[in-house]
K.L.:
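This is the structure, below, for whatever I ask next.
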Amino acid sequence: MAPRPNPFEVTVGPSGESSMLPDEALLPRPAGPWARAWERFRRHRLGYVSLWVLGAMLLVATFAELLSNERPLVARIDGQWYVPVFSNPSEKQLGGDFGTPADWKDPLVVGIASKPGNWAIHAPNPHGADSRDDFNSGLPPAPPSAQNWLGTDPKGRDMLARLVYGFRISIWFALALTVVGTALGIAAGALQGYFGGRTDLFVQRFTEIWGALPELLLLILFASIFEPSLVLLLVLLSLFGWMGLSDYVRAEFLRNRGLEFVKAARALGLSNRQIIWRHVLPNSMTPVITFLPFRMSAGILGLTALDFLGLGVPGSVPSLGELLKLGKDNLYAWWVIVPTFGLLVLTMLLLTFIGDALRDAFDTRKS
């Protein structure tokens, strides 16, 4: 058997030039900074597992209607197919007397669905966020039972459904708040750090004045003028949620704008927008990425606190803060406040573990 050629062996061609053997293409290329950061993140077992657990919770909450709903997922009544989870038929369409949407807990509708040839597939938890079982003789708040796995709240609504739907609103609100606030913080910090001078001075003074405004007082004022909504809360909180991150981005831009590759790009005639977008911003993203989980935690806690104080979303919208308030007013109903508080604590711990893992992953002193 012929010996395997050395991949580092230099061969000399007929004209005297030297070249590497083709085996050099088989040599592994060094991993980029993002790949090395991801590998360090994966080695942080607690943060890596927390990311998967939080992702599973987000997936469950996003498709809450398929897991917790008082309407069937699919039904076949008298030869007709229905998908009540998305389009609920009227009782009259099913063979009843009224033209109102069918109540699938009504004994009449249950009897229709139980006839030979008729059937309905319900969600694992047959309760919605706002549905009340008017045919249940128990008085709310009812303790956990076979019908309501986590009991009911003081208004007779299923606790498990309220938790799932409330968590969906909290996590997606926090994601939207994080994205908007991060974009504003990056824009403000980039302007300050890259251009410096009067631009930096003006934005810095504006940030100091804007940060001195009483945020809670403004929230109370707007809540008394406008009808509470998630969009209004998102706008108001985003207007104040960018200032902390902008300071870190500004510091990174001030450090990176004087590096040699930025000077070379400027000498080649690239515009400021191209230099910022292609060269400075990618090298200034470490504080942005490492702060994302903690900003999400602040968003969830902020919405929960506002709902607890009655300044958040309307009462008809599922809310973790509303459940905490109901639990405070009904301390004997432990099944209201304990699961809600436990879900909040679990979410905060998962985000904290993910943030710690990201911080270690982007620490260039770690290999």
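Residue numbers start at 1 and run along the sequence shown. Heavy-atom basis, side chains included; hydrogens, waters and symmetry copies ignored.
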K.L.:
If you apply the rule side-chain contact (heavy atoms from CB on, under 4.5 Å), what do you find for Trp172 with Leu58, and how did you get there?
P.N.:
CA-CA 9 Å; Trp172 280 109; Leu58 177 61; 3.7 Å; yes
K.L.:
So do the side chains of Asn330 and Val336 get within less than 4.5 Å of each other, counting heavy atoms only?
P.N.:
no
K.L.:
Is it true that a side-chain atom of Asp153 and a backbone atom of Arg157 form a donor plus acceptor pair closer than 3.5 Å?
P.N.:
yes
K.L.:
If you take all heavy atoms of Arg40 and Asp360, which pair is closest and at what distance?
P.N.:
NE-O, 4.0 Å
K.L.:
In the structure I gave you, are the side-chain heavy atoms of Tyr82 and Leu94 within less than 4.5 Å of one another anywhere?
P.N.:
yes
K.L.:
What class does the angle between the rings of Tyr48 and Trp52 fall in, given that below 30° is parallel, 30 to 60° is tilted and above 60° is perpendicular?
P.N.:
perpendicular
K.L.:
Using the ring of each side chain (for Trp, its six-membered ring), is Phe294 parallel, tilted or perpendicular to Phe291, with breaks at 30° and 60°?
P.N.:
perpendicular
K.L.:
Does any non-hydrogen side-chain atom of Val110 lie less than 4.5 Å from one of Ser114?
P.N.:
yes
K.L.:
Looking at Arg205, I'd like to know if its CZ atom is crowded, meaning that more than 12 non-hydrogen atoms belonging to other residues, nucleotides or ligands lie closer than 6.0 Å.
P.N.:
yes
K.L.:
More than 12 foreign heavy atoms under 6.0 Å from CZ of Phe261: is that the case here?
P.N.:
yes
K.L.:
Hey, is the main chain of Asp78 close enough, under 3.5 Å, to the side chain of Asn118 for a donor-acceptor pair?
P.N.:
yes
K.L.:
Any donor and acceptor pair, going by atom type alone, linking the side chain of Ser87 with main-chain N or O of Pro84 inside 3.5 Å?
P.N.:
no
K.L.:
Would a 4.5 Å heavy-atom cut-off, applied to side chains only, mark Met285 and Phe362 as touching?
P.N.:
no
K.L.:
Which heavy atom in Phe253 sits nearest to a heavy atom in Ala190, and how many Å separate them?
P.N.:
CZ-CB, 3.6 Å
K.L.:
Which distance, rounded to the nearest 0.5 Å, do you find between the CD of Gln274 and the NE2 of His279?
P.N.:
8.0 Å
K.L.:
Hey, mind stepping through Ser238 and Leu177 against side-chain contact (heavy atoms from CB on, under 4.5 Å) and telling me if it holds?
P.N.:
CA-CA 6 Å; Ser238 299; Leu177 183 62; 3.3 Å; yes
K.L.:
State, yes or no, whether a side-chain contact exists between Met348 and Leu301 at a heavy-atom distance under 4.5 Å.
P.N.:
yes
K.L.:
State the CE-CZ distance between Met57 and Arg168, to the nearest 0.5 angstrom.
P.N.:
14.5 Å
K.L.:
Strictly distance-based, threshold 3.5 Å: is any side-chain N or O of His127 a donor or acceptor partner for the main-chain N or O of Gln147?
P.N.:
yes
K.L.:
Nearest 0.5 Å, please: how far is OG1 in Thr352 from CE in Met296?
P.N.:
11.5 Å
K.L.:
Quick check against the 3.5 Å criterion: does Trp242 have a side-chain atom that pairs as donor or acceptor with the backbone of Leu239?
P.N.:
yes
K.L.:
For the backbone of Asn148 and the side chain of Thr152, can you confirm whether one donor and one acceptor N or O come within less than 3.5 Å of each other?
P.N.:
no
K.L.:
Would you find more than 12 non-hydrogen atoms of other residues, nucleotides or ligands less than 6.0 Å from Trp119 atom CH2?
P.N.:
yes
K.L.:
Measure the spacing between CD of Glu70 and CG of Asp103 and express it to the nearest 0.5 Å.
P.N.:
8.0 Å
K.L.:
Would you sort out whether Ile300 and Leu351 count as a side-chain contact (heavy atoms from CB on, under 4.5 Å), showing the intermediate values?
P.N.:
CA-CA 11 Å; Ile300 294 175; Leu351 288 171; 4.1 Å; yes
K.L.:
Given 3.5 Å as the limit, does a donor-acceptor pair link the side chain of Tyr194 with the main chain of Gly189, or not?
P.N.:
no
K.L.:
Between Arg359 and Asp356, is there a side-chain N and carboxylate O pair less than 4.0 Å apart?
P.N.:
yes
K.L.:
Counting C-beta onward and ignoring hydrogens, is there a side-chain heavy-atom pair between Leu281 and Val249 closer than 4.5 Å?
P.N.:
no
K.L.:
Are there more than 12 heavy atoms of other residues, nucleotides or ligands under 6.0 Å from atom CZ of Phe167?
P.N.:
yes
K.L.:
Evaluate Arg295 against Thr182 for side-chain contact (heavy atoms from CB on, under 4.5 Å), listing each step before the verdict.
P.N.:
CA-CA 9 Å; Arg295 293 179 64 83; Thr182 300; 3.5 Å; yes
K.L.:
I'd like to know if the side chain of Trp334 and the backbone of Pro339 have a donor-acceptor N/O pair within less than 3.5 Å.
P.N.:
no
K.L.:
Check whether any side-chain heavy atom of Asp200 lies under 4.5 Å from a side-chain heavy atom of Arg250, and answer yes or no.
P.N.:
yes
K.L.:
Just so I know, are the side chains of Phe240 and Trp210 near enough to count as touching, which here means a heavy-atom distance under 4.5 Å?
P.N.:
yes
K.L.:
Trp104 and Asn88: side-chain donor and acceptor closer than 3.5 Å?
P.N.:
yes
K.L.:
Should Glu322 and Arg162 count as an ion pair when the cut-off is N to O under 4.0 Å?
P.N.:
yes
K.L.:
Taking only Lys NZ, Arg NE, NH1 and NH2, and the carboxylate oxygens of Asp or Glu, determine whether Glu252 and Arg255 approach each other closer than 4.0 Å.
P.N.:
yes
K.L.:
Before giving the answer on side-chain hydrogen bond (donor to acceptor under 3.5 Å, both in side chains), spell out for Asn283 and Asn256 the whole-Å C-alpha distance, their side-chain angles and the decisive distance to 0.1 Å.
P.N.:
CA-CA 7 Å; Asn283 292 280; Asn256 292 327; over 6 Å; no
